[in-house]
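So you know, we letter chains A, B, ... as the sequences are listed, proteins then strands, and number each from 1.
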There are 2 protein chains.
Amino acid sequence: MKQIKKILESRKIRPSLHRLMVLEYIIRRHNHPTPEDIYNDLLTTIPAISRATVYNTLHLLQENGLVFSITIPGEETRYDYKGDSHAHFYCIHCGALRDIDYKCSCLKKRKIGHNLITEVQVCFRGICENCQKRTK
Amino acid sequence: MKQIKKILESRKIRPSLHRLMVLEYIIRRHNHPTPEDIYNDLLTTIPAISRATVYNTLHLLQENGLVFSITIPGEETRYDYKGDSHAHFYCIHCGALRDIDYKCSCLKKRKIGHNLITEVQVCFRGICENCQKRTK
DNA sequence: GTATCTGCAAAACATTTGCAATTCT
DNA sequence: AGAATTGCAAATGTTTTGCAGATAC
């Protein structure tokens with residue numbers, strides 16, 4: 001928890017309880033939660049927390065480059081901690097979203113033509129191992 | 001327009017006027033329109049068209065693999081024709097979304113581990129040439 | 001004491017749904 | 001006629017907003 005606090009302070013974000021807990025949730029679980037996931041989980045610890053605070057906090061963390069959002073058509077936005085950039089795999093059958101260990105030169109691009117690149121999103125879509133078995 | 005009709009028929013989709021026009025819009029302009037863009041444009045030609053029809057049609061085209069959707073956090077979903085898979089560049093400053101001529105081996109991956117890949121989305125985010133000039 | 005942060009409820013917005021009317025074959 | 005397609009209006013679900021109260025510095 002002290003590490004989380006340090007992360008916030010390094011970005012000059014006041015480390016309030018809510019912010020600590022939202023960021024901790026994302027970093028610890030690293031399973032791409034939606035704002036609703038975070039809200040529901042934090043409700044058990046902080047009964048009075050409101051959705052607006054969760055959204056506020058996520059925007060704040062995103063503006064400060066600590067987290068980024070992943071959007072899947074037709075689904076709620078999900079958030080992930082911005083450690084090393086990595087690719088994602090989304091199963092169009094069961095909806096699972098997983099980190100993928102896939103190194104690609106495009107993840108490291110910092111310039112294309114005259115455009116500056118600050119972030120690269122790579123999302124593979126398809127059918128995961130489990131779902132292939134199930135449909136056989 | 002006859003080509004558009006053939007494309008629909010090749011997927012066994014009945015080529016109604018609305019469907020022809022939605023698909024034509026996406027293919028001709030290829031500037032990643034939102035459902036609202038399409039709706040507003042078609043309104044001038046077909047005054048009675050409804051949003052529901054636009055959404056219906058887009059889902060139908062997507063299910064049949066003719067178009068795919070691109071979602072940018074905080075923005076409406078955009079649609080693009082599914083020709084050769086290509087990468088996108090999104091300017092976080094002005095909001096422009098452009099096709100990018102960037103070949104990468106990851107765009108051709110069909111399998112990662114035991115996961116089948118049916119689609120790869122690569123979106124570079126950053127600041128475009130114009131916006132760099134403007135902020136100087 | 002002032003600025004920041006939070007909760008609440010309402011509003012805004014994109015998207016979906018149910019159903020009746022229309023159109024096509 | 002029968003099936004597919006469409007329009008409308010209401011419903012849904014997510015995200016944002018405004019403001020009042022609470023909290024931190």
Side-chain angles (χ1 to χ4, degrees), chain A residues 4-5 8-9 11-26 32-64 66-80 95 97, chain B residues 4-5 8-9 11-26 32-64 66-80 95 97:
Chain A
I4 310 284
K5 196 175 169 188
L8 288 176
E9 283 166 348
R11 308 288 170 131
K12 315 226 165 134
I13 301 171
R14 195 190 287 175
S16 71
L17 177 65
H18 297 73
R19 290 169 179 172
L20 282 166
M21 297 202 62
V22 168
L23 184 55
E24 194 209 17
Y25 184 101
I26 294 174
H32 318 105
T34 65
E36 196 66 17
D37 291 335
I38 298 171
Y39 172 69
N40 283 321
D41 187 81
L42 296 195
L43 260 188
T44 65
T45 318
I46 317 173
I49 199 172
S50 84
R51 255 175 268 262
T53 300
V54 174
Y55 280 101
N56 277 344
T57 303
L58 289 170
H59 290 324
L60 184 72
L61 296 178
Q62 189 164 30
E63 280 159 22
N64 284 279
L66 290 174
V67 304
F68 66 96
S69 55
I70 311 163
T71 46
I72 307 281
E75 296 197 16
E76 229 179 313
T77 303
R78 305 179 188 217
Y79 287 84
D80 200 0
L97 180 69
Chain B
I4 309 282
K5 197 175 169 187
L8 287 177
E9 284 167 346
R11 307 289 170 130
K12 315 225 162 129
I13 301 171
R14 196 191 285 176
S16 71
L17 177 64
H18 297 73
R19 289 169 180 174
L20 283 166
M21 298 202 62
V22 169
L23 183 56
E24 195 209 16
Y25 184 101
I26 294 173
H32 318 104
T34 64
E36 196 66 19
D37 291 336
I38 299 171
Y39 172 70
N40 283 322
D41 188 80
L42 296 195
L43 260 188
T44 66
T45 318
I46 317 172
I49 200 171
S50 84
R51 256 174 266 262
T53 300
V54 174
Y55 280 100
N56 278 343
T57 304
L58 289 171
H59 290 323
L60 185 71
L61 297 177
Q62 189 165 30
E63 279 158 24
N64 284 278
L66 290 174
V67 304
F68 65 95
S69 55
I70 310 163
T71 46
I72 307 281
E75 295 197 15
E76 231 178 312
T77 303
R78 305 179 187 218
Y79 287 84
D80 199 1
L97 180 68

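The outermost nucleotides of DNA chain C lying under 4.0 Å from heavy atoms of chain B, listed 5' to 3', are C:dA14 to C:dT17.
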Table please: side-chain donor-acceptor pairs of residues 19-26 of chain B below 3.5 Å, with sequence neighbours left out.
from: B:R19; atom 1: NH1; to: B:R14; atom 2: O; distance (Å): 3.1
from: B:E24; atom 1: OE2; to: B:R28; atom 2: NH1; distance (Å): 2.3
from: B:E24; atom 1: OE2; to: B:R28; atom 2: NH2; distance (Å): 3.4

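One atom, CD of A:E76, and another, C1' of D:dT12, lie 13 Å apart when rounded to the nearest Å. Taking atom NE2 of residue A:H59 and atom C1' of nucleotide D:dT14, one finds them 11 Å apart after rounding to whole Å. Remark: C1' of D:dA9 and CZ of B:R51 are 12 Å apart, rounded to the nearest angstrom. We find that CG of A:L17 is positioned 13 Å from C1' of D:dA24, with the value rounded to whole Å. In this entry the distance linking CG of A:N56 with P of D:dG18 reads 12 Å, nearest Å. Whole-Å rounding puts the A:Q62 CD to D:dT15 P distance at 12 Å.
A distance-only check finds no donor-acceptor pair linking the side chain of B:H32 to the backbone of B:I70 [under 3.5 Å].
At a non-hydrogen distance threshold of 4.0 Å, A:P35 from residues 32-50 of chain A come into contact with DNA chain D.
In this structure A:R78 satisfies the side-chain hydrogen bond (donor to acceptor under 3.5 Å, both in side chains) test together with A:E75, sequence neighbours excluded. Applying the ring pair (Phe, Tyr, Trp, His ring centres under 6.0 Å) criterion to B:H18, with sequence neighbours excluded, gives no partner residue. The side-chain hydrogen bond (donor to acceptor under 3.5 Å, both in side chains) search around A:Q62 returns A:S69, not counting sequence neighbours. With sequence neighbours excluded, the residues satisfying side-chain hydrogen bond (donor to acceptor under 3.5 Å, both in side chains) with A:T34 are A:D37. With sequence neighbours left out, B:E63 forms a side-chain hydrogen bond (donor to acceptor under 3.5 Å, both in side chains) with no residue at all. Here B:E9 pairs with nothing under the salt bridge (charged side-chain N to carboxylate O under 4.0 Å, His left out) rule; sequence neighbours left out. Residues passing the salt bridge (charged side-chain N to carboxylate O under 4.0 Å, His left out) test with A:E76, sequence neighbours excluded: none.
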Under 3.5 Å, N/O pairs linking protein and nucleotides 20-23 of chain D:
none

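Annotation for B:I72 and A:T71: closest pair N-OG1, 4.1 Å, computed over non-hydrogen atoms.
The salt bridge (charged side-chain N to carboxylate O under 4.0 Å, His left out) contacts involving residues 46-57 of chain B comprise B:E36-B:R51, where partners must be two or more places apart or lie in separate chains.
Each of B:R19 and B:G74 was assigned the nucleotide of DNA chain D with the nearest heavy atom; the assignment lying further toward the 5' end belongs to B:R19.
Remark: A:Y55 is in phosphate contact with D:dT15, judged by side-chain N or O atoms under 4.0 Å from OP1 or OP2.
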